[in-house]
2 protein chains.
Amino acid sequence: MNNNKMIYVIDDEKDICQMVSLELEQFGYSVRSFTTGAQACHAIRTRPPALCIIDLGLPDMDGMELVKQLCDKHSVGVMILSGRNSVPDKVLGLELGADDYIVKPFIPRELVARVNSLLRRLENSGPDPKTETRTAQFANLRYDPKTLTLITGDGKQSELSSAEHVLLIRLLKAPKTILSRDQLMGETTGPFDRSIDVRMSRVRKKIEQDPKNPEIIKTIYGVGYILTTDVSWTP
Amino acid sequence: MNNNKMIYVIDDEKDICQMVSLELEQFGYSVRSFTTGAQACHAIRTRPPALCIIDLGLPDMDGMELVKQLCDKHSVGVMILSGRNSVPDKVLGLELGADDYIVKPFIPRELVARVNSLLRRLENSGPDPKTETRTAQFANLRYDPKTLTLITGDGKQSELSSAEHVLLIRLLKAPKTILSRDQLMGETTGPFDRSIDVRMSRVRKKIEQDPKNPEIIKTIYGVGYILTTDVSWTP
DNA sequence: ACTGGCTGTTACATTTCGTTATATTTCAGA
DNA sequence: TCTGAAATATAACGAAATGTAACAGCCAGT
């Protein structure tokens, strides 16, 4: 069982969070728990998960409101976990956009089965939320991820290969932050690998004015790389 | 509420069929009922619905077997309606591919809410059969699946073959999402095949302005292909 | 049988990308 | 400051992935 999908559990009762996490992790999922809506919101924006399991009775915000927000962005799956077994509540939650509504107390194994079912359905559905479609502007360059096209300040165009694209996107998503080689590689390829250096060299050759003295992407000796400029995204 | 989607209800108890049908029809769905698995199978092959609601206790065949068959061609949604409230049954049904499992007795209004929720998810999903009838607009092109006709921005027309059609439709149904060769192939043909590349080449020749430098369909090396544009569907 | 269109296969050209080898840079310690 | 080991840069190479023209089989309609 090598799912590896990210699931967020949002419930103010720590017991529930723990129980759900343990069960899901046994089936190969990566789980993070949150006990307040605010924390969850922030995390969802930063690293959107494949699925959110939400308790309606949160201390700091209306659970329904959170559900609605999530469902409007249409890509992340939403399961409601509630102590209230009333039909109007269920109907409201589901019509608001939730994909399932489970009443407490529930059987952990059934929850897992429903999670599996939903993720299976989500898999071949909707645009991939990870694919960035806005254009990035940085250091008198413009990069359009839709077409993998880079436009320099003086109008020259060049195309990035898909591996170069992934690397550049990771940097653009975390400007002015040191990223280790592992972080830049993601889940691909083995532990000892110098290929990242070569990739970086190829990216630099396309984005730097003088690739021998890189300004935009600096090397942090012994640690990783950093994108030194600000980035603004235009739709 | 003008859904107009086709739903099949398969249950040997006529009362249940009638109740479910009435309720769903009030919400604008087209419903057909079947009291035996054989009838349903035939109808599903002839006119595949958007969703099947299946009672497990059918007189002439094992309900689970029917569920499994349906789910294998995973374009049609499957809801199980069962009198058995046991966790193993639920888990089995859901793992087999069902999208929901509802225990009798149930509240009709909740059933409708769950149907709405599921169909919403299914809407932009699934390797469609040939059933798409709306016209797709993307990248100053218009494609009419009914006639397999492509119209370019400057008025030129061309026709796609049916294999090209399937490929293009799969891409249009999942814009901005990387699709693997397997996903694009669907259930057809053998494991290692280069035919998809050739098909893609032929599609590109028709939709791209400069097929040597494709803009609309990009290749993701080692992974698959991606449609880079937005798509809007007009009836 | 003949024809024309569709489709998969094959063969070869091209691109991508990781590996290797070598040059260069960094930095701790003398 | 100097020195050497470790880290990084990148050119060059080759294996694998992809693009596509050309060919061959199949099928429906004549």
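This structure is a prediction, so every number in the text was calculated from the model and none was measured. Chain naming here is simple, since letters A, B, ... match the order of the sequence lines and numbering starts at 1 in each. Below, all heavy atoms of this structure are taken into account, side chains as well, without hydrogens, waters or symmetry copies.
- In this structure, K218(B) places its NZ atom 14 Å from C1' of dT16(C), rounding to the nearest Å.
- A salt bridge does not link D210(B) with K212(B): every distance from a Lys NZ or Arg NE/NH1/NH2 to an Asp or Glu carboxylate oxygen is 4.0 Å or more.
- Atom pair M185(B):CE and dT7(C):P shows a separation of 12 Å (rounding to whole Å applied).
- With rounding to the nearest 0.5 Å, the separation of CZ in R120(A) from CG in D99(B) is 7.0 Å.
- At whole-Å resolution of the value, CG in L167(A) and P in dA9(D) are 12 Å apart.
- Shown are L92(B), L96(B), D62(B), V78(B); of these, the side-chain contact (heavy atoms from CB on, under 4.5 Å) with K68(B) is made only by L96(B).
- Closest non-hydrogen pair, K146(B) versus T133(B), comes out as NZ-O, 3.3 Å.
- One finds no side-chain N or O of S162(A) lying less than 4.0 angstrom from the OP1 or OP2 phosphate oxygen of dT15(C).
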Could you encode protein contacts along nucleotides 19-28 of chain D as a string, one character per nucleotide from 5' to 3', using B for base contact, S for sugar-phosphate-only contact and - for no contact, with a heavy-atom cut-off of under 4.0 Å? BBS-------
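- In this structure, CD of E159(B) is placed 8 Å from P of dC6(C), rounded to the nearest angstrom.
- Taking the charged nitrogens against the carboxylate oxygens, E164(B) and R199(B) have no contact shorter than 4.0 Å, which rules out a salt bridge.
- Rounded to whole Å, atom C1' of dA9(D) lies 14 Å from atom CD1 of I217(A).
- Under the salt bridge (charged side-chain N to carboxylate O under 4.0 Å, His left out) criterion, the residue pairs touching residues 219-235 of chain B are K176(B)-D230(B), with sequence neighbours excluded.
- Sorted by first and then second residue, the ring pair (Phe, Tyr, Trp, His ring centres under 6.0 Å) pairs with a member in residues 138-157 of chain A read Y143(A)-H165(A); sequence neighbours excluded.
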Please list, for nucleotides 27-30 of chain C, all pairs of protein and nucleotide N/O atoms separated by less than 3.5 Å.
none

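- For residues 17-42 of chain A, no residue pair satisfies the salt bridge (charged side-chain N to carboxylate O under 4.0 Å, His left out) rule, not counting sequence neighbours.
- In this entry the distance linking CZ of R199(B) with P of dT10(C) reads 16 Å, nearest Å.
- The CD1 atom of I196(B) sits 12 Å away from the P atom of dT7(C) (whole-angstrom rounding).
- Rounded to an integer number of Å, the gap from CD1 of I220(A) to P of dA6(D) is 22 Å.
- With sequence neighbours left out, the salt bridge (Lys or Arg N to Asp or Glu O under 4.0 Å) criterion links R202(A) to no other residue.
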